[in-house]
> 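Handing you a structure now.
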Amino acid sequence: MICQNVGDTPTLHRLQILQRFQAENRKYRYSVPPPSPFSGCPSPISTRMIQIHTLANHAPIALHIKRNTQRNIIIRPRDASSLNISIPKWFSPAQLRHWLRDNETTLTRILQQAPTALTGQPENLPPSILFTGEPYALRPAAVAQIERCDRQHLFRLPQQRSLAEQCDLLRQHLFQAAQTALLPKLADHSQRLQLTPAAISLTRAKTFWGVCRARTGIKLNWRLICAPDSVQDYVCIHELCHLRHPNHSRAFWQLVQQHHPQSPAAQAWLKQHGKTLFALG
């Protein structure tokens, strides 16, 4: 992690740039002080929107904006002329304009470091993917939608669709399967352990398998549907134990081990096979 301080702006005071580099997903995180509770909160922008921003050199860039963070500005390059940007829920359009203006050098640098083609799609679909820990073959067929054949360990893909469309449909199918299987599994473990999160949901994050927060509850990575049941159980129990121990103390690990004795094996599986769960991006 690289930390760098930048100058004050009229509305945001001091920003601390936290640049997080990961092998598969480069992300730039900016920590922003929240507004004073006595200063009033400006009207927020839409939850999702696409905005064209013109740089000082008159080059237009497309900003794919999501208003879904508490206090951070998170930027990911899409390609050399567009960015994904997540901003705090309380950020106003004026604050966003000021921030973009005052951090144009940073935006330009991120765009320059973007891969020449960053579409989020694999160049070719793999011959197979994991589903609940088992390899399932991917085969084009005369079908309208994705069809999963559990007996044959096979996914049939609509052959009339493009590669990108097949990939999107397969991700949607797996996400829906995760909703059907992972969330009830988490709810069952919650009832058994008598540990109740504020909410449960799935996440499309590429940097963690699960997250637990007191206010927002537990989020599980949808890609865990591709892992074996024992690994899914481990992540569910791991996050639930954070409700009692919001840290990774000895007491936390003892509680995890108590409720899931196979934890070391699950951790080893994720370490060895975790990257394969991102075969579809």
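Please read these numbers as outputs of a predicted model, since none were measured by experiment. Side chains are part of it too, since the values below use all heavy atoms of this structure and drop only hydrogens, waters and symmetry mates.
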> Return yes when atom CZ of Arg213 has more than 12 non-hydrogen atoms of other residues, nucleotides or ligands closer than 6.0 Å, and no otherwise.
no

> Between Phe252 and His248, what is the ring plane arrangement, given parallel below 30°, perpendicular above 60°, and tilted in between?
perpendicular

> If you define the side chain from C-beta out and look only at heavy atoms, does anything of Val211 sit under 4.5 Å from Thr203?
no

> Can any side-chain N or O of Asn84 pair as donor or acceptor with the backbone N or O of Pro77 at less than 3.5 Å?
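The answer is no, because no donor-acceptor pair under 3.5 Å joins these two groups.
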
> Can you tell me if Gln166 uses its side chain to pair, donor with acceptor, with the backbone of Leu157 under 3.5 Å?
no

> So which heavy atom on Ile146 is nearest to which on Phe155, and how close?
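Here Ile146 and Phe155 meet closest at CG2-CD2, 3.9 Å.
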
> Is a side-chain donor or acceptor of Glu239 paired with a backbone partner of Lys219 at a separation under 3.5 angstrom?
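No, the answer is negative, given that no donor and acceptor are paired below the 3.5 Å cut-off.
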
> Report yes or no: does Arg161 contribute a side-chain atom to a donor-acceptor pair with the main-chain N or O of Cys167 at less than 3.5 Å?
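Not at all, since once roles are kept as given, no pair shorter than 3.5 Å links the two residues.
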
> Please answer: with hydrophobic residues joined when any side-chain heavy atoms are less than 4.5 Å apart, are Trp269 and Trp253 in the same cluster?
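Yes, Trp269 and Trp253 fall within the same hydrophobic cluster.
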
> Is the shortest side-chain heavy-atom distance between Ile61 and Ser82 below 4.5 Å?
no

> Given 3.5 Å as the limit, does a donor-acceptor pair link the side chain of Gln176 with the main chain of His173, or not?
no

> Under the 3.5 angstrom rule, does the side chain of His242 hit a backbone N or O of Asn247 as a donor-acceptor pair?
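Flag set: sc His242 to bb Asn247 pair under 3.5 Å.
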
> Would you indicate whether Arg192, at its atom CZ, is surrounded by more than 12 heavy atoms from other residues, nucleotides or ligands within a distance under 6.0 Å?
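Yes, the 6.0 Å shell around CZ holds more than 12 heavy atoms from other groups.
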
> A side-chain contact here means heavy atoms from C-beta on lying under 4.5 Å apart; do Thr132 and Cys226 qualify?
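Counting from C-beta outward, Thr132 and Cys226 never come under 4.5 Å.
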
> Where the side chain of Gln95 meets the backbone of Ser92, is there a donor-acceptor pair that is under 3.5 Å apart?
yes

> Does a salt bridge link Asp188 with Lys185, judged by any charged N lying under 4.0 Å from a carboxylate O?
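No, this pair does not count.
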
> Is it the case that the side chain of Arg67 and the backbone of Lys89 share a donor-acceptor pair, with hydrogens and angles ignored and the cut-off at 3.5 Å?
yes

> Keeping the roles fixed (side chain from Ser190, backbone from Leu186), state whether a donor-acceptor pair exists under 3.5 Å.
no

> Report yes or no: do Leu163 and Leu169 belong to one cluster of Ile/Leu/Val/Met/Phe/Trp/Tyr joined by side chain heavy-atom distances under 4.5 Å?
yes

> Nearest 0.5 Å, please: how far is SG in Cys212 from CG in Leu243?
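Going from CG on Leu243 over to SG on Cys212, the span is 4.0 Å.
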
> State yes or no: do Leu255 and Leu193 share one hydrophobic cluster built from I, L, V, M, F, W and Y residues joined by side-chain heavy-atom distances below 4.5 Å, directly or via other members?
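No, no single cluster joins them.
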
> If the test is side chain to side chain donor-acceptor pair (under 3.5 Å), which one of His189, His238, His260, Gln262 qualifies with Asp233?
His189

> Side-chain heavy atoms under 4.5 angstrom apart, residues restricted to Ile, Leu, Val, Met, Phe, Trp, Tyr: same cluster for Leu280 and Leu154?
no

> Here's one to test your reading of the geometry: is the NZ or CZ of Arg204 within 45 degrees of the ring axis of Phe175 and under 6.0 Å from its centre?
yes

> Under 3.5 Å, is there a donor-acceptor pair between the side chain of Arg139 and the main chain of Pro127?
no

> Are the side chains of Phe131 and Leu174 in touch, meaning some heavy atoms are under 4.5 Å apart?
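Yes; the side chains approach each other to less than 4.5 Å.
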
> Let's go through Trp209 and Phe278 carefully: what are the C-alpha distance in whole Å and the side-chain angles of both, what is the deciding distance for ring-ring contact (aromatic ring centres under 6.0 Å, His included) to 0.1 Å, and is it a yes or a no?
CA-CA 12 Å; Trp209 297 116; Phe278 290 87; 5.6 Å; yes

> Given side chains that start at C-beta, do those of Thr69 and Phe91 come closer than 4.5 Å, heavy atoms only?
no

